[in-house]
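Right, one structure below, let's go through it.
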Protein chains: 2
Amino acid sequence: MEKLEQPVEQPSLEECEETCGGTEADLKAIRSQMLDESSISEMAEWFRALGDPTRVKLIGALLQQELCVHDLSVLLDMGQSAVSHQLRYLRNVRMVKRRKVGKTVYYSLDDAHISEIFHVTYEHLKHK
Amino acid sequence: MEKLEQPVEQPSLEECEETCGGTEADLKAIRSQMLDESSISEMAEWFRALGDPTRVKLIGALLQQELCVHDLSVLLDMGQSAVSHQLRYLRNVRMVKRRKVGKTVYYSLDDAHISEIFHVTYEHLKHK
DNA sequence: ATATCATATGAACATATATTCATATGTTAT
DNA sequence: ATAACATATGAATATATGTTCATATGATAT
């Protein structure tokens, strides 16, 4: 209850006291090593695609073999529409691709790295 | 406009026509290889934690060195509160830990695998 | 052409999430 | 004790996200 008239910015960035390790020069060095905005976005987008149980299940199933939408919806015990929407999501981020045979559409993984990332993460969670 | 009186379940799962590769037996085999629900949740939670630009930046910075909240908020050019909230998030999923020195709190990575996953993903996105 | 099947998709809805604001907590200095 | 500072946190808000419902699209069969 002490600030009522000031617009409250980042409270005075003048300089970090000695307690806080980073001098402006140090921070500059760190900043220069940081990823650029577009890499950041792409990384986040990539991880976000894996950050949902339904999509993890889809990837997990497709890791085993190519599957059609119907079978996926049976395997996940979910409505066809929900599965289809998530497959589109995964297709938009290039994680899966599709192959059409008549009325049926088969989905499969479209990326060699997914398996690696997936397994590293799985092992990590197991040995935690 | 053909179904008006039925409650519209998964439209008749009786069996997949021959077009759809999976017979019930095949699906059973695949299902037995799928991850259990709790592993699924943990994987999704883990990835979701990395699925946000702010958190990617935080991890990226901490990948370089331990940093205090203030420095992180300068580096990311974000309010202290937002950074603090996200650090709590990352702490809850055990991705970062903190060390207190006087008024200052230093954050650092709390997981050996993050670096690996992070780099695999970064390389993947670069060579796409 | 009509019916049926497999998949896709727009809209609506409910929930989750990220940031901001105001303020609380805990530490150090005076 | 009071002030200044670093960080944490609850509430509010705006936006993003996931699922469902209804229906569209495209393919095959009759």
Side-chain angles (χ1 to χ4, degrees), chain A residues 1-22 44-45 48-49 51-58 67-74 76-93 96 98-107, chain B residues 1-4 6-22 44-45 48-49 51-58 67-74 76-93 98-107:
Chain A
M1 54 180 65
E2 66 274 72
K3 273 171 196 155
L4 290 170
E5 58 279 7
Q6 290 291 343
V8 186
E9 283 295 307
Q10 294 270 89
S12 74
L13 292 185
E14 327 119 17
E15 185 147 350
C16 203
E17 315 295 320
E18 20 73 37
T19 42
C20 236
E45 180 188 63
R48 197 163 51 243
D52 169 81
T54 296
R55 292 192 293 268
V56 168
K57 286 178 204 165
L58 287 173
L67 287 161
C68 71
V69 178
H70 175 264
D71 286 356
L72 284 167
S73 93
V74 171
L76 305 209
D77 189 28
M78 288 183 61
Q80 174 268 319
S81 180
V83 169
S84 202
H85 276 297
Q86 295 297 3
L87 285 170
R88 179 171 56 170
Y89 184 124
L90 292 174
R91 199 150 45 80
N92 285 339
V93 299
V96 304
R98 58 179 172 179
R99 176 173 74 88
K100 219 170 167 182
V101 177
K103 323 174 232 180
T104 309
V105 177
Y106 293 94
Y107 279 84
Chain B
M1 53 180 70
E2 67 274 69
K3 275 171 199 155
L4 290 170
Q6 290 290 342
V8 187
E9 283 296 306
Q10 295 270 88
S12 73
L13 292 186
E14 325 119 19
E15 185 149 350
C16 201
E17 316 293 320
E18 20 72 40
T19 41
C20 238
E45 181 189 65
R48 197 163 49 244
D52 170 83
T54 296
R55 292 192 292 266
V56 168
K57 285 178 205 166
L58 288 173
L67 288 161
C68 71
V69 178
H70 175 264
D71 285 356
L72 284 167
S73 92
V74 171
L76 305 209
D77 190 27
M78 288 182 63
Q80 174 268 318
S81 181
V83 169
S84 203
H85 276 296
Q86 295 297 3
L87 286 170
R88 178 170 58 168
Y89 185 123
L90 292 173
R91 199 150 45 80
N92 285 339
V93 299
R98 57 178 173 180
R99 176 173 74 90
K100 219 169 167 182
V101 177
K103 323 174 230 179
T104 309
V105 177
Y106 293 94
Y107 279 84

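Every chain is numbered from 1 and lettered A, B, ... according to where its sequence line falls, protein lines coming before strand lines.
- For A:Thr104 against C:dT7, no side-chain N or O and base N or O form a donor-acceptor pair under 3.5 Å.
- For the pair B:Ala82 and A:Leu87, both in contact range of DNA chain C, the more 5′-proximal nearest nucleotide belongs to A:Leu87.
- Atom OH in A:Tyr89 sits roughly 16 Å away from atom P in C:dT9 (whole-Å rounding).
- Mapping A:Gly102 and A:Val83 onto DNA chain D by nearest heavy atom places A:Val83 closer to the 5' end of the strand.
- Taking 3.5 Å as the limit, the base of C:dT9 and the side chain of A:Ser84 contain no donor-acceptor pair of atoms between them.
- For A:Gln80 against C:dA6, no side-chain N or O and base N or O form a donor-acceptor pair under 3.5 Å.
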Inset, instruction - Would you please test B:Asn92 and B:Arg88 for side-chain contact (heavy atoms from CB on, under 4.5 Å) and show each step? - result: CA-CA 6 Å; B:Asn92 285 339; B:Arg88 178 170 58 168; 3.9 Å; yes
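- Shown here for B:Ser73 and B:Gln80, the closest heavy-atom pair between the two residues is CB-CA, 4.2 Å.
- Between the P atom of C:dT17 and the CD atom of B:Glu45 lies a distance of 10 Å, rounded to the nearest Å.
- Distance, A:Leu58 CG to D:dG18 P: 12 Å, rounded to whole Å.
- In terms of position along DNA chain D, the nucleotide closest to A:Arg55 lies nearer the 5' end than the nucleotide closest to the other residue of the pair A:Lys100 and A:Arg55.
- Atom pair A:Asp77:CG and D:dT19:C1' shows a separation of 14 Å (rounding to whole Å applied).
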Inset, instruction - Tell me, with the steps shown, if A:Arg99 and A:Val105 meet side-chain contact (heavy atoms from CB on, under 4.5 Å). - result: CA-CA 6 Å; A:Arg99 176 173 74 88; A:Val105 177; over 6 Å; no
Legend entry - Worked check of side-chain contact (heavy atoms from CB on, under 4.5 Å) between A:Leu67 and A:Tyr106: CA-CA 5 Å; A:Leu67 287 161; A:Tyr106 293 94; 6.0 Å; no
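- We find that CZ of A:Arg48 is positioned 14 Å from C1' of D:dG18, with the value rounded to whole Å.
- Contact between the side-chain N/O atoms of A:Arg88 and the OP1/OP2 oxygens of C:dG10 is found at a separation under 4.0 Å.
- The CG-P distance, from B:Asp52 to D:dT15, rounds to 16 Å in whole Å.
- Put simply, A:Arg98 has no side-chain N or O that comes within less than 4.0 Å of OP1 or OP2 on C:dT7.
- Between B:Tyr107 and D:dA8 there is a side-chain N or O to OP1 or OP2 distance below 4.0 Å.
- Side-chain atoms of B:His85 stay outside donor-acceptor range of the base of D:dT7, with no qualifying N/O pair under 3.5 Å.
- The nearest whole Å value for the distance from the OH atom in A:Tyr106 to the P atom in C:dA8 is 13 Å.
- Considering only the side chain of B:Gln86, C:dT19 comes nearest among D:dT28, C:dT19, C:dC21.
- Distance CG (A:Asn92) to C1' (C:dA8): 12 Å, rounded to an integer number of Å.
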Legend entry - side-chain contact (heavy atoms from CB on, under 4.5 Å) between A:Arg48 and B:Asp52, intermediate numbers included: CA-CA 7 Å; A:Arg48 197 163 51 243; B:Asp52 170 83; 5.6 Å; no
